[in-house]
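Below is one structure; the comments refer to it alone.
Order of the sequence lines sets the chain letters (A, B, ...), proteins ahead of strands, with each chain counted from 1.
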Amino acid sequence: MARFIDELRRTHYCGDLRADDAGREVVLYGWVARRRDLGGLIFFDLRDREGITQVVFDPGFRPDAPVREPLGEGDPAWDEDRVAAAYRQAERVRREWVVGVRGIVRHRGGNAKSDLATGDVEVMASELEVFNRAETPAISLEEVIDSDEETRLRYRYLDLRRLPLQRALRLRHELNQAARHYLSSQGALELETPIICKYTPGGARNFIVPSRLSPGKFYALAESPQLFKQLFMVSGFDKYFQIVKCFRDEDLRLDRQPEFTQIDIEMSFVNQDDVFRLVEGLVFAIFEATGAADLPTLYPDRCFPRMSFQESERRFGNDKPDTRFALELHELTDLVIEHEGGGIPLMEAVASKFANGSYRREVPGEVVKAFVIPAAAKLSRKQVEELEKGLKEISGFAGLGRAKVGEDGTWSQSPFAKVVTDTFRSALNAATGAEPGDVLCLSVGKPAVVNAALSKLRLDVGRKMGLIPASGHGGKWEFLWVVNPPLFEDDGEGGFVAAHHAFTRPIDDHLDLVETDPARVLCYRYDLVLNGVELGGGSIRLHDPEVQRRVFRTLGIEDAQAQAQFGFLLDALRSGAPPHGGIAIGMDRLAMLLSGAATLRDVIPFPKTNQGIDLMSGAPDHVLPAQLSEVYLRSTASEGSDPTA
RNA sequence: GGGGUAGUAGUUAAGUUGGUUAUAACGCCGGCCUGUCACGCCGGAGGCCGCGGGUUCGAGUCCCGUCUACCCCGCCA
């Protein structure tokens, strides 16, 4: 081994060799991906991170020409005894053994393999060194495997040898490098913020870290660098970025992990447009570096389109519309009011509440919206009912009122067919553009519920119609800024809570409404959406302590309370805070979209399961009582036996 | 916290109405093979049917519970 590592340095990676390397002596290191023993002739597919090269063990082979670039004097490139020994050793090698190979590159002639980058050549082995044996791998290491993800995660170090994951992690590297390079070139400083920090209530649940030095007290793992990056602005660093791990102790999804990485940015003396320009430049740089798509062709003016939050909710039913396809929702509340319900009892009830002032048009208590399943979708009645059943999981969802539109515009297969007035039916058909054969899906209820149901229905139908793939980008890249959502949200008890967080600046025209009509106050907040996935979000912050106090008051947070929770930030804002704003881009999600991966787990080296468990290492785990008492803790967990107790 | 799907050999799956010794492919082990490249041919080993209980003459199959993973709602930027 010493001879190989010390004297025979690697000359190439396994993906490097090409036809014009023929005749050259080379040294490769790697893993034996496959072995084909023909009896008297053995082939290895030798694999390293750059690719695969075929290595041949042929005891009868003799070089027909002097070898170029011999390695070392007095150490001939071809020694028949050594070649024979290498062949005998190759007979015993198994897949995934780690080996070094010395040999001569030869053109494969008629045996060339066109689907392999190195397929024109092979290495005739003159020497073989086995660095390590390997147990038979628990999972197949082929590019496409059907192993259960549970098994793959348990043997993550094997799974990571597979080409898709090798590619995904390399893409992460390229993404990160491009982001660093671009943001640095734009004058942003890469500064670090604390990971263990002060617990702040509200927002995402924090992971709690007990303090050994402060008995009974706890740190929290940062759910984001939000407060600290604002303090950087207060301190005059002007423009900051960080590629930073964040931690949230919430339930997980395919696009949600307990620890994840953000490209975090904050800037001073900027407005919304300035943030957009920087992020658009960043995204362009990342796409160029990773070769994911030619964005300058798709967005010639190098800007992404913008849509107000309200328009997004109205047309698509959510704040992260997948704009790769149309099939928009139809807002019918006004029409229903105009027709006083049009004979449909459910809608008459809604119309009368608007008429008697129970509901306000500006902030409606209930809405009526529709989605049209085009005849072209060719969905059977059963399939439509199947889709509707899928909406049942949305809490508060009461079901759809469906109507199949006939040749003459009449409705059938509908609970409303008999009661709806002709004029209202015609008006509805016209407003929704419903054509004969289409299925009109009507939903009445609280805006959040109606929108949740219809936006899900829209995506389901889009997928069923093949307008978007079940996962991946499908070759389309639709970016969108969704801007200016409401600052406050009804808390259901006559008060208000912050829709996102309390440090977002209300739009200038709405400052007066903070006290008088909070529900209508919009703010300088923005989300970047790609193909219906929320890539990131940010805001222009509230840098004015006076306005901040008014916002807190509307939220029912007293000065003393605010001081206790956010004291250092409020103090800092009073110490001379510049106008500032920023954004955080979900790096994992971006990597997922760029790579076409179906889940975040495929672009994170060592992900957790939906239960937050690392199947490979077994984290989280019990700790010894002594370790607990050192941090002044005792577990109250009753279920399960603690083997260390 | 709630809903859904799945769990059988190392891996992926089949297993009919509850009925003899639980199948197959890949992988693994042994043998043969000098141009393979998903090499081929011959032979072989390999099972707590997730776990625990129940029904039954008899359970992979039916019932109850439980664990694990995945997808979704709630939650979450």
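A38(B): no Watson-Crick or G-U partner with both key distances under 3.5 Å is found in any strand. A13(B) is paired with U23(B) under the criterion used here, namely a Watson-Crick or G-U wobble arrangement in which both key atom distances are under 3.5 Å. Nucleotide G43(B) forms a pair with C29(B), judged by Watson-Crick or G-U wobble geometry with both contacts under 3.5 Å. Both distances falling under 3.5 Å, in either a Watson-Crick or a G-U wobble arrangement, occur for no nucleotide opposite G74(B). Nucleotide C62(B) is matched to G54(B) when pairs are restricted to Watson-Crick or G-U wobble geometry with both distances under 3.5 angstrom. Nucleotide U5(B) forms a Watson-Crick or G-U wobble pair with A69(B), both donor-acceptor distances falling under 3.5 Å.
Annotation: U66(B) and U23(B) have their P atoms spaced 34 Å apart (nearest Å). Across G54(B) and G46(B), the matching C1' atoms stand 32 Å from one another, rounded to whole Å. Nucleotides U12(B) and G50(B) place their P atoms 13 Å apart, quoted to the nearest Å. Between C64(B) and C71(B), the two P atoms lie 27 Å apart (nearest whole Å). Between G43(B) and C49(B), the two P atoms lie 29 Å apart (nearest whole Å). Across the P atoms, U61(B) and G18(B) are found 11 Å apart, a figure rounded to whole Å. Comparing U8(B) with U55(B), their P atoms are spaced 27 Å from each other, to the whole Å. A25(B) sits 12 Å from A9(B) when the C1' atoms are compared, rounded to a whole Å.
When the C1' atom of A69(B) is taken as reference, atom CZ of Arg601(A) falls 9 Å away, rounded to whole Å. Asp159(A) places its CG atom 14 Å from the P atom of U11(B), with the value rounded to the nearest Å. The CD1-C1' distance, from Ile139(A) to U12(B), rounds to 12 Å in whole Å. Atom pair Ile145(A):CD1 and G10(B):C1' shows a separation of 13 Å (rounding to whole Å applied). Distance Glu96(A) CD to U11(B) P: 17 Å, rounded to the nearest Å. Atom CD in Gln611(A) sits roughly 12 Å away from atom P in G2(B) (whole-Å rounding). Whole-Å rounding puts the Arg92(A) CZ to C29(B) P distance at 14 Å. One can place CD of Glu135(A) at 14 Å from P of U11(B), the figure rounded to the nearest angstrom.
Side-chain atoms of Arg253(A) and base atoms of G74(B) include a donor and an acceptor less than 3.5 Å apart. Judged by atom type and distance alone, Arg248(A) does not reach the base of C76(B) through any side-chain donor-acceptor pair under 3.5 Å. In this model, a side-chain donor or acceptor of Asp251(A) finds a partner on the base of G74(B) within 3.5 Å.
Residue Leu254(A) is in sugar-phosphate contact alone, with no base atom involved, counting any heavy-atom pair closer than 4.0 Å across all strands shown. Among the heavy atoms of the strands lying under 4.0 Å from Arg525(A) is at least one base atom, whether or not backbone atoms are also near. Within 4.0 Å of Gly203(A), counting heavy atoms only, lie sugar-phosphate atoms of the nucleic acid but no base atom. Thr136(A) comes within 4.0 angstrom of the backbone, heavy atoms only, and of no base. Among the heavy atoms of the strands, none lies under 4.0 Å from Thr599(A).
For C29(B), the OP1/OP2 oxygens have a side-chain nitrogen or oxygen of Arg94(A) closer than 4.0 Å.
Of the listed nucleotides (C71(B), C76(B), U12(B)), C76(B) has the atom at the smallest distance from the side chain of Ala204(A).
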Going 5' to 3' through nucleotides 35-47 of chain B, assign each nucleotide B (protein heavy atom under 4.0 Å from a base atom), S (under 4.0 Å only from sugar-phosphate atoms) or - (no protein heavy atom that close).
BBBSB--------
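Along RNA chain B, the nucleotide closest to Ser224(A) and the one closest to Lys608(A) are compared, and the more 5′ of them pairs with Lys608(A). Where Pro59(A) and Thr151(A) meet RNA chain B, the nucleotide closest to each residue was compared, and Thr151(A) sits on the side nearer the 5' end.
In this structure, the ring of Phe276(A) has its center less than 6.0 angstrom from the ring center of Tyr526(A). Between Phe57(A) and Tyr87(A), the distance from one ring center to the other does not fall under 6.0 angstrom.
Ion pairing between Arg525(A) and Asp527(A) holds under the 4.0 Å rule for side-chain N and carboxylate O. With salt bridges taken as basic N to acidic carboxylate O contacts below 4.0 Å, one links Arg167(A) and Glu143(A). The pair Arg541(A)-Glu266(A) counts as a salt bridge, with a side-chain nitrogen and a carboxylate oxygen less than 4.0 angstrom apart.
Counting heavy atoms from C-beta outward, Arg95(A) and Pro137(A) have side chains that approach closer than 4.5 Å.
Checking side-chain atoms of Asn451(A) against main-chain N and O of Pro447(A) turns up a donor-acceptor pair under 3.5 Å. In this structure, Asp264(A) contributes its side chain and Phe241(A) its backbone to no donor-acceptor pair below 3.5 Å.
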What do the steps show when you test Leu165(A) against Arg156(A) for side chain to side chain contact (heavy atoms under 4.5 Å, CB included), and what is the final call?
CA-CA 10 Å; Leu165(A) 291 177; Arg156(A) 188 63 167 177; 3.8 Å; yes
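A cation-pi arrangement is absent between Arg248(A) and Phe260(A) under the rule of less than 6.0 angstrom and at most 45 degrees off the ring axis.
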